[in-house]
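Working notes, structure below.
All values reported here derive from a predicted model rather than from experimental measurement. All ligand and atom numbering here is 1-based and tracks the order in the structure.
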Amino acid sequence: MTTPSTSLLEPSLLELPAWRALRQHAKEVSKTTLRQLFENDPERGTRYNAEAVGIFLDYSKNRITDETLKLLLELAEQRSLKQRIDAMFRGDRINVTENRAVLHVALRAPKGQSILVDGEDVVPGVHAVLDKMSAFSDKVRSGAWKGHTGKRIRNIINIGIGGSDRGPVMAYEALKHYSQRDLTFRFVSNVDGTDFVEAVRDLSADETLFLVASKTFTTLETMTNAHAARAWALKGLGGDESAVAKHFVAISTNAKEVAKFGIDTANMFGFWDWVGGRYSMESAIGLSTMLAIGPDNFRALLSGFHQMDEHFRSAPFEKNLPVLLGLFTVWYTDFFDAQTQAVLPYEQYLKRFPAYLQQLTMESNGKHVTLDGKRVETETGPVYWGEPGTNGQHSFYQLIHQGTRLIPCDFIGFLKTLNPLGDQHAMLMANVFAQAEALAFGKTAEQVKAEGTPDWLVPHRVFEGNRPSNTILAERLTPEILGKLVALYEHSVFTQGVIWNIDSFDQWGVELGKVLAQKIIGELTSETEPKMAHDSSTTNLIRKFRATR
Ligand code: G6Q
């Protein structure tokens with residue numbers, strides 16, 4: 001592999017004029033409060049909004065001023081964000097350490113658009129796979145696809161992990177409302193046998209279809225579970241090897257390994273090395289999603305992604321939703337010492353959205369060296385976490401309101417519910433607005449006293465406020481809106497990565513543990529006492545395990 005070109009040798013972040021100015025400016029902003037900022041500018045709540053492609057962002061409850069915005073936008077300029085966005089969309093190899101293009105945007109490009117990788121237009125190939133997925137989905141959903149014994153498929157189990165699992169799980173839950181309810185969907189990821197055993201315990205093999213989703217088709221967890229599934233299915237189907245063809249399909253870039261496993265490559269749905277795992281839910285990896293919601297809804301999901309892509313690529317930065325979100329994250333991470341970012345969807349169907357974002361954000365921006373291999377000079381990717389509202393309110397919100405840490409929050413809500421039930425949707429949304437208000441403005445000692453609270457109790461009941469949040473609203477959770485929301489965070493992550501000058505598309509950090517585990521598997525299972533060269537703690541733990549065998 002060639003070494004990175006000199007264009008990656010960005011100037012020191014700390015030396016950029018905008019960064020220096022932001023450092024000074026942050027001191028000023030720290031002295032003021034959201035209460036004061038709102039008092040000084042009665043229009044703030046309507047001024048600090050942006051809306052695009054059906055997503056409304058109220059960012060007024062951030063600890064920012066016009067000057068902050070101006071400087072953050074200058075920072076984006078000085079970090080050449082526009083050029084970097086163009087480079088991604090052009091198919092440049094911006095994943096430097098893996099020497100790959102990063103083209104999840106091509107997965108949702110409409111027919112007729114052209115995106116070149118090494119001189120070849122990849123969009124027709126994307127649509128060929130989509131068409132193949134659609135034809136297959138139609139067959140399974142209609143019952144035309146029969147299992148080995150002639151019965152139709154009722155159960156679909158996706159076997160995959162990481163990027164080949166989290167997106168499908170999240171999308172299935174998010175879009176359950178649109179799913180075909182006479183099909184059962186389950187997702188197996190963990191190498192813990194419990195995951196597989198529980199997933200199949202009440203299913204019968206003759207009605208079950210396995211989707212083995214693995215870009216490389218060599219991942220330990222997935223291949224182990226796929227072999228367990230093969231053994232389970234063959235047992236249930238009388239041991240006839242030819243049954244595999246009717247009950248297993250593969251989603252992979254590795255046709256050779258797929259064939260080796262025994263899956264007919266005619267039943268393989270391909271994708272490409274320019275699709276990163278955590279950016280792959282709308283590729284063939286999304287086959288379970290398409291089976292659940294149908295090809296038309298899946299295309300609506302893709303259209304949502306694409307609309308946000310176009311917005312990110314072309315909107316001026318001051319109105320650009322992903323750019324704004326990304327810059328706010330940099331602002332709190334580097335100038336306010338915020339270590340985490342909460343994502344709080346007030347929508348039960350989005351219950352796995354925070355977990356999905358954890359991989360997207362933390363695997364992408366959990367990096368400590370810059371593109372040119374130097375130690376970063378600032379903090380990078382924060383910890384993302386969250387739970388759907390209102391459940392979180394009755395558990396961890398206490399710390400967000402009255403703890404000692406600053407935790408920027410993204411509230412996500414919908415104006416209309418998919419399941420109207422009395423006034424429950426208004427109750428839900430009242431909580432979104434109330435939480436953001438309480439975090440920003442709090443409750444002063446005077447207000448607490450005025451309620452007749454005894455003096456000794458006052459400090460406990462004071463809310464300092466001044467805790468920042470974004471409120472993200474859309475009309476209703478649809479496949480299209482889900483695509484927009486995911487793309488919003490994808491491009492926010494990219495924006496952050498550009499400011500930090502890190503590779504948001506590699507994941508070397510997951511390697512070391514994998515390699516060590518391979519070695520330890522042998523030591524745990526060997527018949528004879530293995531020769532070990534670990535530290536004394538690891539050796540002791542291995543011995544403890546072996547003693548029970
Ligand atoms: C994501 C990572 C990682 C990957 C899994 C599964 O960006 O690359 O989470 O998706 O390790 O890999 P396979 O799809 O190759 O099994």
Side-chain angles (χ1 to χ4, degrees), residues 88 93-107 129 157-171 187-192 195-196 210-230 248-261 263 268-289 352 355-367 381 384 486-487 489-491 493-494 496-497 502-518:
M88 173 168 74
R93 292 173 185 260
I94 61 166
N95 177 356
V96 171
T97 70
E98 296 181 322
N99 193 27
R100 283 183 186 154
V102 173
L103 273 179
H104 39 283
V105 294
L107 296 170
V129 173
I157 301 190
N158 187 79
I159 298 178
I161 196 164
S164 301
D165 167 72
R166 292 223 155 184
V169 171
M170 182 278 289
F187 298 85
V188 174
S189 53
N190 200 330
V191 76
D192 183 341
D195 205 7
F196 179 76
F210 290 95
L211 316 178
V212 185
S214 175
K215 181 172 166 181
T216 53
F217 230 71
T218 55
T219 304
L220 172 82
E221 291 88 341
T222 302
M223 295 328 294
T224 305
N225 279 319
H227 280 103
R230 198 172 186 280
F248 283 80
V249 302
I251 301 156
S252 188
T253 55
N254 191 345
K256 203 166 130 217
E257 287 297 321
V258 168
K260 223 158 109 197
F261 181 86
I263 296 178
M268 169 176 157
F269 300 86
F271 58 118
W272 307 269
D273 78 347
W274 41 262
V275 184
R278 57 192 174 275
Y279 296 87
S280 68
M281 61 169 272
E282 70 284 22
S283 70
I285 291 291
L287 183 59
S288 58
T289 313
R352 297 295 294 168
Y356 168 77
L357 286 186
Q358 287 192 317
Q359 186 189 12
L360 176 67
T361 59
M362 298 202 274
E363 206 164 65
S364 297
N365 285 343
K367 307 289 161 67
Y384 276 72
V486 174
Y489 279 93
E490 285 177 347
H491 298 319
V493 162
F494 179 77
Q496 296 161 35
I502 56 180
D503 190 332
S504 299
F505 302 103
D506 62 10
Q507 56 284 312
W508 298 105
V510 297
E511 291 302 318
L512 178 60
K514 274 200 215 170
V515 173
L516 290 179
Q518 280 296 355

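- Counting the atoms of ligand 1 from 1 in the order shown, those under 4.0 Å from a heavy atom of Ser164 are 10 (O), 13 (P), 14 (O).
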- Step-by-step side-chain contact (heavy atoms from CB on, under 4.5 Å) determination, Tyr279 to Ser364: CA-CA 10 Å; Tyr279 296 87; Ser364 297; 2.8 Å; yes

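- A 4.5 Å side-chain heavy-atom check between Val129 and Phe271 finds every atom pair outside the cut-off.
- Counting only heavy atoms of the protein, atom 4 (C) of ligand 1 lies nearest to Gly163 N, 3.8 Å.
- There is no protein heavy atom closer than 4.0 angstrom to atom 11 (O) of ligand 1.
- Ile251 places a side-chain heavy atom less than 4.5 Å from the side chain of Ile285.
- Taking 4.5 Å as the limit, some side-chain heavy atom of Val510 sits within range of a side-chain heavy atom of Glu363.
- Near Ser214, meaning under 4.0 Å from any of its heavy atoms, are these atoms of ligand 1: 13 (P), 14 (O), 15 (O), 16 (O).
- Comparing heavy-atom distances from atom 9 (O) of ligand 1 across Glu98, Arg278, Gln359 singles out Gln359 as nearest.
- Under the side-chain hydrogen bond (donor to acceptor under 3.5 Å, both in side chains) criterion, Gln507 pairs with Glu98, Arg278, sequence neighbours left out.
- In terms of protein heavy-atom proximity, atom 15 (O) of ligand 1 is nearest to Thr216 OG1, 2.6 Å.
- Every atom of ligand 1 with a heavy atom of Thr219 under 4.0 Å away is listed here by number and element: 12 (O), 13 (P), 15 (O), 16 (O).
- Nearest protein neighbour of atom 5 (C) of ligand 1, counting heavy atoms only, is Ile161 O, 3.5 Å.
- Taking the side chain as every heavy atom from C-beta outward, Phe248 and Phe261 approach each other to under 4.5 Å.
- Residue, atom and distance of the protein heavy atom nearest to atom 2 (C) of ligand 1 are Glu363 OE1, 3.3 Å.
- Thr224 contributes atom OG1, which lies 12.0 Å from atom CG of Asp192 (distance to the nearest 0.5 angstrom).
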